[in-house]
2 protein chains.
Amino acid sequence: MTASHRRPTTREVAALAGVSVATVSYVLNGKDGRVGEETRRRVLAAADELGYVRSSSARSLRLRRTERVCLVVGSIGVPAYDQLARDLSAAADEAGYGVMTIVVDSPARADKAVDLLRQHVADGAVVAPSVPLADAQLRALTGSRLPLVVMSNAVAPDGFDVVRTSEAAACVEAFDHLAATGRRRIAYLAHEHELTGRQPSERRDAYLDALDRHGLGPELVVPGADDRVGAYRAVEALLARPDRPDAIFAASDRAAITAILALRDAGLAVPEDVAVVGVGNLEEGRITRPPLTTVGPPAMDFHDVARLLFDRVLADETPFDREITTSWSFIRRGSA
Amino acid sequence: MTASHRRPTTREVAALAGVSVATVSYVLNGKDGRVGEETRRRVLAAADELGYVRSSSARSLRLRRTERVCLVVGSIGVPAYDQLARDLSAAADEAGYGVMTIVVDSPARADKAVDLLRQHVADGAVVAPSVPLADAQLRALTGSRLPLVVMSNAVAPDGFDVVRTSEAAACVEAFDHLAATGRRRIAYLAHEHELTGRQPSERRDAYLDALDRHGLGPELVVPGADDRVGAYRAVEALLARPDRPDAIFAASDRAAITAILALRDAGLAVPEDVAVVGVGNLEEGRITRPPLTTVGPPAMDFHDVARLLFDRVLADETPFDREITTSWSFIRRGSA
DNA sequence: CTGTTAGCGCATTCAG
DNA sequence: CTGAATGCGCTAACAG
């Protein structure tokens, strides 16, 4: 590899191989058949010797296509996103595409992400659940004709596909169960974005509705579902109240699991003294004592999402908008 | 926004505004002062009307620079990576750069990631700890003159900067403490990559060394540190052994925390019956009962890493290789 | 202050 | 089967 200062180009490879750049391109893109075996070998040898690597910008510009897709998530450190990334990567591998992830953990970064996407850094994108993208931003993306799959219950397909969950019904079932088993004071441990975000929260709505329908006390919504430490502190604070709850519905399994620990640490029995329900159906809910009662999908599987995206990305013309619903249910185990 | 089929270009904006493409470029890149106020306004209006968004491929090709950096992680779902992404994003914002993340969770994907990076999809990259990149792959990256910061104790700077930790010494201290407090049968709960990977594990080496120095029994290394469920099952299995350990050193805090739970569930007292030590110094270690004794950095802070990267990325010429060490210590709390 | 123009590196038509 | 020529969309000299 003759180390030159600049990165070598097809032109240099062509020169070294004694052929034209066209031939180099054919060889490098597997369009052989057009090229003689001997020539092909010479080109490959030359490319190798120069340490040639094609420029993705130049290629993308010419092809009007990046052969990359983007996964937009709200943070890393969330178990479900991990599986999502995995499933998307698997689909991308098949299509010969790359995957890049963008983390949007603030409105400012949401703007940056939308900019990047509109500048066509990828040929399509999946927006994970609870990413704080405003409607206007979504429209900006479809406006730039970017193949898009949005995982959200808060939007309807409109130039993009939507993947929703039947979480509302499942949550209702959970709350009805709590009420039916005699819980009178149910606390809701919320994600930060449920309290500050613009998007409505079906979980929380189900909670408020259930309180109403069952004639249960004033609402008791506290933040803390985003991380374990926050959840622990939130539960501690809940227990210090004079009107201590007899049930805790946490907006995430991570928080619910932590709640079980906090309750045990406080000397309370789960579910006898306080029932606990989570959301997400994490594997981890099976190793708690008692096992976690939760609301979620039967399994973490995002192949559908990946398929939706690549259908769009690889389609010749804009396909019809689609909407699929992953079915969630109330999964009763030991904690409620 | 007159929706045309193709995305509008500077040429079209120029035509609509009645100016040249150069002027459009000047305005769009904030090189005003060269451009009259009235003209500037016309250009902006035209761009807005057409819904113009610049093409990142074309710009990158021309600039020979993508204004993006890449974070390479081994999986998402790891707390430390979250902070790393955050700190890197903050630095990127300042420099006007974007951040993309690539998840490398298999050797095959490591190859793909290296390809992407060599094709210059970003102007620089940070490789997070325990990403399975072989030496040859690292060399391939520096060969293509990519600014690189590698977080690893297993490599020396060589065309890239290295961020290492003083974890070996801290682990030694932890094991010495366990031995000094009378633990005779210490189990090591390992990450999968410590068992199958090519790279040596300082933690495990410290363990083996300590057994040796203190004349302690045969080694007892089991996998399970990668996720909580695995850790729980591993500890259960450990406790079922005839030679049940009296101490567990887990390669991650998440596993250590889970170990504490598993031990409690088994009716054992921590640390009386079994001591537990983790690695990482997660916040979460403070809310366990007892609080987790661990080995790790004083705080999760990766500003240094980000600074190293951007120093390289923004430098005019290749700077000297640097190496910084983040100081880890043995943090004794209640579990050992 | 603004326009003309020459590439950045690549893929691809069209001749030969 | 191979080569010359064109342009993807953009920026930055250089002219005016």
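Chain A is the first sequence line, chain B the second, and so forth, proteins listed ahead of strands; every chain is numbered from 1.
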Quick one: label B/S55 by what it contacts on the DNA or RNA (base, sugar-phosphate, nothing), any heavy atom closer than 4.0 Å.
sugar-phosphate
Rounded to whole Å, the CD-C1' distance (B/Q119 to C/dC8) equals 17 Å
Could you go through nucleotides 4-7 of chain D and list every protein N or O atom that sits under 3.5 Å from one of its N or O atoms, giving the distance for each pair?
unit_1 : atom_1 : unit_2 : atom_2 : d
D/dG7  : N2     : A/R62  : NH1    : 3.1

Terminal axes of the helix from C/dC1-D/dG16 to C/dG16-D/dC1 (five pairs each): angle between them, nearest 10 degrees:
40°
With sequence neighbours left out, which residue pairs that include part of residues 14-28 of chain B fulfil the salt bridge (charged side-chain N to carboxylate O under 4.0 Å, His left out) condition?
none
Contacts satisfying salt bridge (charged side-chain N to carboxylate O under 4.0 Å, His left out) that involve residues 72-86 of chain A (not counting sequence neighbours) are A/D82-A/R86, A/R86-B/D105
side-chain contact (heavy atoms from CB on, under 4.5 Å) filter on B/E38, not counting sequence neighbours, yields B/R41, B/R42
I need the CG-C1' distance between A/L28 and C/dC10, as an integer number of Å.
11 Å
Donor-acceptor pair between A/Q137 and A/D111 side chains, under 3.5 angstrom:
yes
Please enumerate all residues that pass side-chain contact (heavy atoms from CB on, under 4.5 Å) together with A/T165, with sequence neighbours excluded.
A/N153, A/E167, A/T326, A/W328
Once salt bridge (charged side-chain N to carboxylate O under 4.0 Å, His left out) is applied, what residue pairs with a partner in residues 128-137 of chain A remain, sequence neighbours excluded?
none
Can you work out whether B/V19 or B/A58 has the more 5'-proximal nearest nucleotide on DNA chain C?
B/V19
Residues at least two apart in sequence or cross-chain that pass ring-ring contact (aromatic ring centres under 6.0 Å, His included) with B/Y97, listed by chain then number, are B/F310
Output all residues satisfying ring-ring contact (aromatic ring centres under 6.0 Å, His included) with A/H191, sequence neighbours left out; order by chain, then residue number.
A/H193
